[in-house]
Structures are given as structure tokens and as C-alpha cells.
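This report refers to the structure that appears directly beneath it.
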There are 2 protein chains.
Amino acid sequence: MSAGIRHDDLRRRNRALVIAAVRRSGLPSRTEIASTTGLSHSTISAISSDLIAEGMLAETKAGEHATARRGRPQVALTLNPKAATVIVAVLSLNCLSAAIIDYCGEPVAEEQRAFSTATMSKHELVLECIAMLRRLMAGMSPGAPKPLRIVLAVQGISDAAARVMLWSPITPHRDIAFADVLEGELAIPTTVENDCNMMAIALRWRDPARYRDNFIAILLSHGIGMGLVIKGELFTGTQSSGGEFGHMIHRPGGALCRCGRRGCVEAYAGDYAIWRNAHLKNEDSPPEDAVTNTDMQALAERARAGEGPEREAYRKAGTAIGYGVGSLFALIDPAPIAFVGGGAAAFDLLEPSIRTALARTAGGQHSDAISFDTIPAELPLIRQGCAMRALVFVDQEIFAAGPQAVQESRIAVA
Amino acid sequence: MSAGIRHDDLRRRNRALVIAAVRRSGLPSRTEIASTTGLSHSTISAISSDLIAEGMLAETKAGEHATARRGRPQVALTLNPKAATVIVAVLSLNCLSAAIIDYCGEPVAEEQRAFSTATMSKHELVLECIAMLRRLMAGMSPGAPKPLRIVLAVQGISDAAARVMLWSPITPHRDIAFADVLEGELAIPTTVENDCNMMAIALRWRDPARYRDNFIAILLSHGIGMGLVIKGELFTGTQSSGGEFGHMIHRPGGALCRCGRRGCVEAYAGDYAIWRNAHLKNEDSPPEDAVTNTDMQALAERARAGEGPEREAYRKAGTAIGYGVGSLFALIDPAPIAFVGGGAAAFDLLEPSIRTALARTAGGQHSDAISFDTIPAELPLIRQGCAMRALVFVDQEIFAAGPQAVQESRIAVA
DNA sequence: CAGTATTTTTTCGAGGCCCGAAAAAAGTCT
DNA sequence: AGACTTTTTTCGGGCCTCGAAAAAATACTG
């Protein structure tokens, strides 16, 4: 049963609304906020002057861009970049990348490092993460506010509470409780998120016109991942980060998947699967882990050159994706799709068979009208998604809660 | 962007909360409501005395069931059955059934009629519906309040706004705007809902302990339908009623489905598909429309008698369902499933292959732990779901809105 | 260049709503 | 009959939002 609305929640929610409006719109005036939120001018005036006094917002001379119209000029509100910082970290196969982000979303420090995630112990993996975050924090100017949030994106599955990495292709170890460990070491609230979910969040911030209420981000890489936004909300599983599109069944009893099962979409469309098919290996042969991006580029070149096993491999991949998307569409109705990652660079090879397959499904009825988009570089997208996730948390959980919570959060780094 | 919270919304939402608490709990005291909603005693007292004054709630001597404890006895609150009525109608193949339901959810009048939906014109179909509802309303005692809502459940797909039946297996006609027509004729707000979604809603009211935040209702009948509740909310498509589980793809390019495509789950697990396989007909042969429930019972008997094409047909059906559910679980994580309808009566024949298939999917990892339930009679379930849907609408949209809206809604039937 | 028009922002009083504490109510127990 | 216990109502205080009006800041205009 949903809880009752207490009187103080009102202010909290409306504060959150104002902060969100500023974060979204860039440089909105009070009047603009009033109209987008539906609250009265007086309320917006009161809330925004509070937020300015508390240091989250600042007024800027909008001037320049607004053509000088008649009447009192609008004064634009903006986020104060120094109001807070957050930390984002992206853990992927053999690579950890992290950054400190200011309250406006701009990075103030970053670091990236390669090591062999597949062979490290659980302990070593966690230590590398902690060490990198510590280095980043050590580099912060003294007196700067301590980061208020860590968001760690991982390939693979995290639990619904976003605290544990349940499984990941990058390591043989399971159930790594990153959130507990990082909170214990650094005393900063932490969540562990699926990388594809973060991609979806980032897409919405990048292009809200295109990616708004319903859309899908599909990562085509060594494995296949998905982030799904439905009715304006990130869709996650009930017990895990969910949305394991790559492990929907394409052909019962079919090709061997990295997950050990047979016939998953990924077993046809993951890099290793395309590579396997292109080399005419048996579908039962175990997934090759060492397929590199360069391998795949070479494969794509050969496929573009003309008919052959390479082109056939891409065709099979496209078919698997197309039918998978068709089944998904049967459940949620069609939505725009962004294909992200290395595989998106070979999208020209995939698209025809995706569309053919999709058109043969109930969900893909009007498959011509379904728009695809490709974004080859996934890392910047994931990082941006993490940043926005972390900042929205700060907005809603801390800054919206009122002056007290804001005060308490303001501890300077050592 | 979500709208701001205006001051009056507060009371509206808390009124809705109190009404919902009474509807759910049966005979709660004010104290009990205060604790389940988290609102203060004073607020509950104020709201409930308003609601009693306005006629939605009534006090009853709880007495009997509460063992006389020390202290002032609790006064139980209850819904006033005369506060309102709603109309439910269920349209399925060759059958229309409708009822008038009081504010407590009890039927006060009902009617059921058979006619040949498949051969009727669009116009005739609509007229039959209107006629039945008019007859029901004509039978109401004069002075009784006019029904405040019609919920029509249909097999097939309705639009996201729940106003148009986009497609249904019961008729060749498409895009029947039932809501517009019924509202035009009877001047009662109407929604058109998918039957399986209503089943899911009913399950939650029937057994909230088992079917709470995440569960699935699958209708096994001539076709295959699904109602899905995720995180406590009915899951619908973005443009339609959605959740077309039956048309997820089981085998690309496989058996011919009633929808005209190939390889859908329904093309293996719908009654017609089981019948087709049991009679060793080609998978390309067009779906037989005239398979009756008795046919299916006979088929099930033969399948139970021993190995043979009938048992094999059920096995294929179970496999299709199992893999389909596995793909679904990959997206949403496992949840309890209720199998409803004629096919549930033959669930003993399906379950082994469902479980075998499910165990071969990523989503079905712990398939032993996933619980199945069977409910052979779908119609009562659908009707109950419609009733609760309609009543919750009245609760939230009319009675929660305040005395004015309540007044305006109170028009006696002619 | 002073006055007018226009638009944005702030101020102020009114009306609601929720909460906590205290009081009242309605029984049981001794 | 009085003490005790639990439920429900009453009352005053504190917030919050709103609408209207005032103030502020600038462009237009003759």
C-alpha cells in the first residue's frame, strides 16, 4: 500500500521539481519553471530563492541569448557547479574508468586504467576500484565538498537494490558487494548499476526529443545488453537489473551461448558468435573470449567486400536481433532503438536482416516506421548516464529534502 | 515532466488512500487505517467523517469478530454498497456477459447471451452490447444512482487509452471504438480493457498474499493471452494493451499462427495449434476456428491415456510456453504464474515440458522454485477484474476528488 | 528624455491541510 | 463504582500554496 502524503513531503517534492527543471532546461527563468511545473509564480519564487540561499542554484545574467524583448528581462537560473560533486565509475572487460563530476555534470578529474579483470581475484578487483577512487579524491582541491554519491556501472547483472554485482562476463566471480565495500571504505552512498541502463539514461539527457518516454538502447558488443525506458521510467527487473535481452531465446536448443545455455540471442549476435559463424566453427564450439574490436572490424570489412561466411554471420546476427526485438515489441509495443557499441559500427551489415526478421513478427508490424540509431562509442554514454543518475540522486534525496539535509551533506574532503 | 503538487491534490490523494484502505481491508478501524497509510489519527478521523457524511463509507458495529478487548472498542468502517454502481461487460467469442455491480463489488443484476460474433457486422456487435446494457439499466430500481463507469473486457488488443478495440480474434472487424459509442449512447465513462489484464487485477484482489507486486496471468484458450503485474502495477504496452505473450516468437519461420505470422508461441500452444498437431496436420495448415472446449477435453483424455500424437501435441505446446516464459523472465525476472482458462484444465499434460523448456533458459534458472497455479474458469475472473477496475476508478477519480465531484456524479437513473 | 507599456519577480494575506497533544468517549477489569 | 485501556475527536500551531497586487526592470514612443 502506498504511503500517505504528509504535509512536509509537499515542499520536498516541489523543491525537487524546481531543481529538476533547472537541470533539464539549462537556463530557465522563474516564469519558465512556473509554467513547466504548473506551480504558481509565488511558489517558484519562494523555492528558488531558498535554493539560491542554500547554494544549489545561482542567478545568471541571461542577457545574451534572449533577444532583448520588452518588459523586465528574465533572469536565468542555473545550477551552481560547486554545490556538490559525485563520482562515476565504469567497470568493463579489462578496464576501469572513473571520474569526479561537478554539480553541473562536468568532469573535474578522471582516470582510466587497464588490467586483466578476468584473471584477478575478487579482492584484487575491489581493491583496484577503491584505489582509483581514492586517488581521484586525493586530487581534489582541499576544502572542496566531499562527493555525495558513487555510481558504478558494470557489465552484467546487479541486484534490484543496486548494491551487488550478481554476475558479470568480465570476471568469473559472482556476487561482489561493491556498494557495501565502497560505502565501508569511502563513506559515500553507492549504487551498482547495469551499464546498458546507464546508456538509456544518458540517451534521454542527450536527446530528449527523440528518447523520451519509450525507447530501447541495445549494446552490441562481445555480449548483448539492453537498457529499456518505458513510460518515462527505466525498466528494471524485479529482482535484478533485468532486461537481459541477449538471453531471450532465439532458437530453442540452438547455438551455445556464453551463459552456458543454448539458442540465446547473444549466441548469434554477440561478437564471439559472429566470429564463430564467420569462421564456420560449429555452433556448439565454446565461445571464444579473445575476439577483439580489431578482429571484428576486419570481419566487417570482409563482409562488406562481398558474399561469404562473414556476411552470412552478420545476417544470422541480424536475424537473431530482429526476432528478439520483435518478441520484445510484442510485449511493450514498438519504440525507437539505439544500437550502441562496436556492433553499431557494422550496423549496415545487420540492418537488412534485422528489418526482415522484425517484419515477420507481430511486434514489428510497421517495421519500416521503427527508427534505428547507431552510436559506436559506448563508454562516454555509460559515463554520462552514471553522472546523471548520481546527480539526480543528489537532487532528489539530499537537496530536495531541505536545508538540514543539505547542511549535513556538506563535509569537506580531508 | 511530472506536474507540480498543488495543495488541493494532497487531500484528494489522502482521501483516495482512505477509500482504498477500506476497500482492501474489509472492515478496518480508523486506527488501522492510520497505521497502514502512515497518516495521523487526526487526519484519518477528519477524512473518514467527511466520507461518511458524503455517503461513501458507513460505520458498522464491528463487535462480533473482534474479541472484546479492553479499551474503547474499534468502530469498523465499511463501504456503503449503495454509494454507487458500475457496469462490467465481457465480450468473448460468441458470448457477451454483463452485470451491474454495487459499490462493494457485489453483482446486483447480470445477463449473458450467446451470438455469433465472428459473422456479425461491426454495427450489429456494437448494438448487441448497447442493448444488453440498456436492459440491465432498465431493470434497476428507480431512483438508484446511475452507474458511474463501464468497463468492457475484450479478447484481443485495445489501445493504450483503453477506448478502442484494435483487434480481436472474435471478429474480423478492426478498430471498434466501443468507448466512444457506449459513452455516446449511455453517457457513462467507459474503458475497453484486455481480458487478461483484468484477470491479473482480479488475482490480486483474490489472493493478495500470493499475487502482489510481481506475477503473471496466462490465458490458455483458443489463443494465448497474458496479463502482467510488475512492481505492483499492471503492465501495458505503450500504444496498446500490450503483453502479447502469445505472439512472442518461439520458432522463427515455424508454425502458422492465427495472426498470419509464423512461429508465435500461440501457433504451438493455442487450442487450435494443439488440435492441429494432435491430428498430425501440417504446421502450415490454416488454424481451425471451430475447435470446441469439448474437443479439447477429448484430446486431453487421449493424451493422458498414453503416448501418441495427442500427448506429443501437448508436449510441443508446453515447450513453446516454457521457452516463451523463459524469454519473458529474462526481461522481468521470474514471478509466480497463474495459468487460466481451458488449457489450465490440461495443465498436467503441459507442466513437464514447460518446466523442461524453462530450465533451459536464462530466466528460468531456478525453475523449480517458480510456482504455477491453475484456474480453469476464466470468465468469473475477468468479470471480477473488470468490477475492481471500475470501482477503483470511481474511488480515485470521483469520490477522492471531493464533495463537488461526488455531488455531480449522483444522477438517478430515469 | 520623460512617460507609458510590458513582462518578470516579489510580497502579502487568505485558505487549506496535516500533525501532535490533550481531551473525550466507550468499553473492560478489579 | 472507580481505575484502566484503547479508540476517536477536538484544538491550536505551523507550513504550504495560491491569487492578487505591488514592485522591478526594461523597451517603446512622441
Side-chain angles (χ1 to χ4, degrees), chain A residues 3-18 21-22 27-53 57-64 66-77 400-404, chain B residues 3-18 21-22 27-53 57-64 66-77 400-404:
Chain A
I5 317 254
R6 317 178 96 262
H7 204 209
D8 356 352
D9 292 344
L10 239 169
R11 206 30 175 314
R12 165 192 275 264
R13 296 177 74 156
N14 288 340
R15 277 169 65 107
L17 223 51
V18 171
V22 178
L27 293 168
S29 69
R30 290 170 175 78
T31 309
E32 188 182 325
I33 297 175
S35 80
T36 61
T37 59
L39 295 167
S40 72
H41 285 194
S42 15
T43 303
I44 299 299
S45 187
I47 292 178
S48 53
S49 73
D50 283 358
L51 293 176
I52 290 170
L57 300 188
E59 296 187 333
T60 56
K61 295 274 155 278
E64 326 351 322
T67 49
R69 289 180 308 158
R70 220 168 167 172
R72 177 173 175 172
Q74 301 188 344
V75 23
L77 296 177
Q404 274 197 354
Chain B
I5 317 257
R6 316 178 96 265
H7 209 197
D8 357 351
D9 294 342
L10 240 168
R11 208 26 176 316
R12 164 193 275 263
R13 297 178 72 158
N14 288 340
R15 276 169 66 106
L17 223 50
V18 171
V22 178
L27 292 169
S29 68
R30 290 169 175 78
T31 308
E32 187 181 327
I33 297 175
S35 80
T36 62
T37 59
L39 295 168
S40 72
H41 285 195
S42 15
T43 304
I44 299 300
S45 186
I47 292 177
S48 53
S49 73
D50 283 358
L51 293 175
I52 290 169
L57 300 187
E59 295 187 334
T60 56
K61 296 272 155 279
E64 327 347 324
T67 49
R69 289 179 309 157
R70 217 162 172 180
R72 178 173 175 173
Q74 300 188 344
V75 177
L77 296 178
Q404 274 197 356

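Note on naming: letters A, B, ... go to the chains in the order of the sequence lines (proteins, then strands), and numbering restarts at 1 for each one.
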[options]: which one has an atom nearest the side-chain heavy atoms of [X]?
X	options	result
B/R30	C/dT4, C/dC18, D/dT9	D/dT9
A/T31	C/dT8, D/dC4, D/dA27	C/dT8
A/H41	C/dT10, C/dG16, D/dA3	C/dT10

Do we see a donor-acceptor contact under 3.5 Å between the side chains of B/T43 and B/S40?
yes
When we call it a touch if two heavy atoms are under 4.0 Å apart, what does A/S42 touch: a base, just sugar-phosphate, or nothing?
base
With a 4.0 Å cut-off on heavy atoms, is A/S45 in touch with a base, just the backbone sugar-phosphate, or nothing at all?
base
Spacing of [X] atom [atom1] relative to [N] atom [atom2], expressed in whole Å:
X	N	atom1	atom2	value
A/L77	C/dT10	CG	C1'	14 Å
B/L17	C/dC17	CG	P	16 Å
A/I52	C/dT9	CD1	C1'	11 Å
B/D50	D/dT9	CG	P	11 Å
A/L51	C/dT10	CG	P	12 Å
B/Q74	D/dT9	CD	C1'	16 Å
A/E32	C/dT9	CD	P	10 Å
B/L39	D/dT8	CG	P	15 Å

Does a nitrogen or oxygen in the side chain of [X] sit under 4.0 Å from OP1 or OP2 of [N]?
X	N	value
B/N14	C/dC17	no
A/S40	D/dG19	no
A/R13	D/dC16	no
B/R11	C/dC18	yes

5′-ward residue of the pair A/S48/A/G71 relative to DNA chain C
A/G71
Between A/P73 and B/I44, which has a closest nucleotide on DNA chain C that is more 5'?
A/P73
Less than 3.5 Å between a donor and an acceptor, one on the side chain of A/R72 and one on the base of C/dT7, is that the case here?
no
Between CD1 on residue A/I33 and CG on residue A/L39, distance to nearest 0.5 Å:
10.0 Å
Would you compute the distance between atom OG1 of B/T31 and atom CD1 of B/I44 and round it to the nearest 0.5 angstrom?
10.0 Å
